[in-house]
Each structure stands twice: as structure tokens, then as C-alpha cells.
A.B. asks: 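First the structure, which I've put down as C-alpha cells, then a few questions once you've had a look.
Every number for a ligand or one of its atoms is a count from 1 in the order of the listing. Keep in mind that this is a model prediction, so the values were computed, not measured. Heavy-atom basis, side chains included; hydrogens, waters and symmetry copies ignored.
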Amino acid sequence: MANGSHAYEVVVLGSSNLDLVATVERLPSPGETVLGTNYAEHAGGKGLNQAVACRRAGADTAFITCLGTDAAGETLHRLMTSEGIAAYVTDYEGPTGRALISVDEHGENSIVVVPGANAELSISVVDAHRDVIGRTGVLLCQLEVPIDAVEAALAIAKVGGARTILNPAPATQLNRSVLQLCDVIMPNQHEVALLGGATSLLDAGVSIVVITLGARGIKIVTQDGELQIPPFAVRALDTTGAGDAACGALATALAHGADITTAARRASAAGALAATKQGAVPSLPNQHDIDALVN
Ligand code: RIB
């Protein structure tokens with residue numbers, strides 16, 4: 001149950017989507033139509049996925065998000081509660097976010113997100129949850145909600161003494177003012193390239209860059225050098241949500257006092273486990289599964 005005076009281990013601020021997922025033999029080229037082999041609807045959205053990933057990894061987790069006043073919004077809200085997440089939901093008179101996802105037979109995907117209610121997560125929504133953000137141990141954000149709200153939340157968390165983590169997805173150019181508020185930034189290989197490379201992120205004030213490399217594991221980059229975390233070998237069925245699983249496991253491990261190497265190893269395991277199952281939220285591993293793989 002949401003409680004504004006409670007100090008959560010992790011607060012996640014971000015999007016909630018209903019994922020509409022088509023399975024295809026291969027992803028279509030521009031202008032091409034292909035036939036799908038399966039269709040499913042799952043809970044998703046990078047924010048919601050990461051909140052569930054934190055909770056399942058063992059963190060006392062709060063989630064700040066916006067939902068539409070439609071059936072999808074009700075379904076996603078119920079899911080947050082049933083997962084044991086403290087849900088701080090602002091309702092918006094309109095549609096909940098949707099993601100149109102195609103997954104091919106190698107588990108690779110392409111995703112179009114239609115933000116809906118996620119676009120309404122404003123600075124004033126952040127302000128309304130200042131107490132929750134200001135007391136957390138770790139704040140975890142992504143970029144499927146407006147960047148000015150993300151920046152405001154990072155600033156509040158920093159003043160409160162939290163560790164701040166930004167998953168810069170989907171990738172966009174980030175001002176120095178945002179980067180200076182990030183203790184850890186966790187891009188994939190495409191996102192880090194778009195952001196100008198790990199060195200430029202460190203030069204802008206980020207302390208640690210954790211790059212998720214899919215089947216090649218994770219790379220940690222700091223001013224002291226680089227460290228490669230080897231991958232856990234799995235058979236990938238659907239990589240949707242794998243990055244979110246990794247972000248949630250990393251945030252949880254840091255909230256529990258782990259060092260960055262241990263946290264990145266758990267993140268790598270969580271991402272690998274998520275890739276072995278279909279869907280975003282349905283694929284996110286729990287603490288026991290992660291423990292079993294890393295030990
Ligand atoms: O990271 C995976 C997520 O991206 C999906 O769940 C989809 O909703 C999009 O936000």
C-alpha cells in the first residue's frame with residue numbers, strides 16, 4: 001500500500017504500457033507486410049517493467065506513473081498492487097500507453113510506443129510525490145516520460161541523498177544538467193553510441209556507466225577503467241524486457257548495499273533469465289531465480 005512517509009528502498013518513476021505483441025518469423029522491412037504467427041497482450045512499459053523487476057528482485061519498491069481511465073489502466077494498476085508495489089498513480093482522462101511490438105524467431109524485437117497517459121507525467125506530478133522521492137535509497141528512471149519530469153525527480157532524489165540511476169531508453173540527447181544528476185547511467189550499446197560514448201558521459205559528471213551488451217554481457221566503465229561482466233549463456237526466446245530486468249536487478253542490488261561489480265553480475269543474470277521467456281512483465285525473474293544463476 002502506498003505510504004507517503006515511508007522510505008522505500010527503490011522508487012521507480014516512469015511509463016506503463018499495455019504491450020500488443022505479434023510474433024513473426026522475421027521483422028518486416030519498411031513498406032513490407034509480413035504474416036504473424038501469434039498475438040498476445042502483456043503488461044509492459046519500461047517504468048512498470050523496472051518496478052516489477054525491482055520488486056521481484058527483492059526491493060521494497062514504489063512506482064510513480066500515469067495511467068489512462070481505460071480498461072488497460074485498470075488492469076495495469078491491479079497488476080502493480082498484486083506484485084506488492086506501492087503504486088503512486090495519477091489518472092489521466094484518455095488512453096493508457098500502448099506498445100506495438102514485433103518479436104522474431106531469434107527473440108529480437110522492434111517496438112513503437114504510443115505514450116498516451118505517460119506524456120502526462122509532468123513536473124507537477126513529480127512535485128506531488130516529492131516526499132516519496134526525497135526519502136528513497138535509490139531512484140530509477142527511464143525516458144518514456146517527459147525529460148523535464150525525470151530531471152526534477154533526479155534533483156529531488158539527489159538532495160535527499162539517494163543513489164540515482166538513469167536508463168536512457170528510448171535514446172535521446174541529454175543535457176549536461178541531467179547527466180550531472182545521474183550516479184549511474186545504464187544504456188545499451190546503441191544508446192551509449194547515440195549519447196556520444198561512455199567517456200563523454202563520465203566527463204559530463206556521471207560516476208558509473210553500465211552498458212548492457214545483450215548476449216555479450218555487461219561492461220562497467222568508470223574514470224578508473226573498464227570491467228567486462230561475462231554473459232550467462234541462455235537460449236533467447238524474446239529479449240523484450242531483458243534490459244528492464246537488468247536495470248531492476250542492478251538498482252535492487254545497489255539499494256541492498258552491493259558494490260557495482262556484484263550488482264552488474266546480478267543484472268546480467270536477470271537480463272539473461274528475462275530473455276528466456278516471452279513478454280515483458282511475464283518474463284521478469286524473481287530473487288530466487290537470480291540467486292540460482294549467479295551462485
Ligand atoms: O523495454 C521493453 C518495453 O519497451 C516494453 O514493455 C514496451 O512497453 C516498451 O516500453
A.B. asks: Taking only heavy atoms of A99 into account, list the atoms of ligand 1 that are under 4.0 Å away from them.
C.D. replies: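 Here the atoms of ligand 1 in question are 7 (C), 8 (O).
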A.B. asks: Measure the spacing between CG of D19 and NE2 of H42 and express it to the nearest 0.5 Å.
C.D. replies: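 Nearest 0.5 Å value for the CG-NE2 distance: 7.5 Å.
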A.B. asks: Checking a contact table here: which protein heavy atom is nearest atom 4 (O) of ligand 1, and how many Å away?
C.D. replies: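 The answer is K46 NZ, 3.1 Å.
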A.B. asks: Any sub-3.5 Å donor-acceptor pair from T136's side-chain atoms to V138's backbone N or O?
C.D. replies: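 Between the backbone of V138 and the side chain of T136 there is a qualifying donor-acceptor contact (under 3.5 Å).
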A.B. asks: With a cut-off of 4.0 Å, which atoms of ligand 1 are near a heavy atom of A280?
C.D. replies: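 Going through ligand 1 atom by atom, the ones under 4.0 Å from A280 are 6 (O).
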A.B. asks: Tell me every residue that passes ring-ring contact (aromatic ring centres under 6.0 Å, His included) with H256, counting only those two or more places apart in sequence or in another chain.
C.D. replies: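 Here no residue qualifies.
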A.B. asks: Please write down residue, atom name and distance for the protein heavy atom closest to atom 2 (C) of ligand 1.
C.D. replies: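 Minimum-distance protein heavy atom for atom 2 (C) of ligand 1 reads D244 OD2, 3.3 Å.
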A.B. asks: Taking atom CD of E32 as the centre, report whether more than 12 heavy atoms of other residues, nucleotides or ligands fall under 6.0 Å from it.
C.D. replies: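 Yes.
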A.B. asks: Who's the nearest protein heavy-atom neighbour of atom 6 (O) of ligand 1, and how far?
C.D. replies: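 Answer, as residue, atom name and distance: D19 OD2, 2.6 Å.
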A.B. asks: Do any N or O atoms from the side chain of E191 and from the backbone of N188 form a donor-acceptor pair under 3.5 angstrom?
C.D. replies: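 Between the backbone of N188 and the side chain of E191 there is a qualifying donor-acceptor contact (under 3.5 Å).
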A.B. asks: Please check this pair: side chain of T240 against backbone of G279, looking for a donor-acceptor N/O pair closer than 3.5 Å.
C.D. replies: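 A pair under 3.5 Å: no.
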A.B. asks: Do G45 and ligand 1 have an N or O pair less than 3.5 Å apart?
C.D. replies: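 G45 vs ligand 1: N/O contact under 3.5 Å present.
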A.B. asks: In the protein, which heavy atom is nearest to atom 3 (C) of ligand 1, and how far is it?
C.D. replies: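 Of the protein heavy atoms, N49 ND2, 3.6 Å lies nearest.
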A.B. asks: Considering only protein heavy atoms, which is closest to atom 10 (O) of ligand 1, and at what distance to one decimal place?
C.D. replies: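 Among all protein heavy atoms, the one nearest atom 10 (O) of ligand 1 is E144 OE2, 2.5 Å.
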A.B. asks: What atoms in ligand 1 come closer than 4.0 Å to a heavy atom of G44?
C.D. replies: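 So the atoms of ligand 1 that pass are 6 (O), 8 (O).
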A.B. asks: Minimum heavy-atom separation for R216 and Q228, please, with both atom names.
C.D. replies: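 Of all heavy-atom pairs spanning R216 and Q228, the closest is O-NE2, 3.1 Å.
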A.B. asks: For ligand 1, which atoms have a heavy atom of V113 less than 4.0 angstrom away?
C.D. replies: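 Those qualifying, in numeric order: 9 (C), 10 (O).
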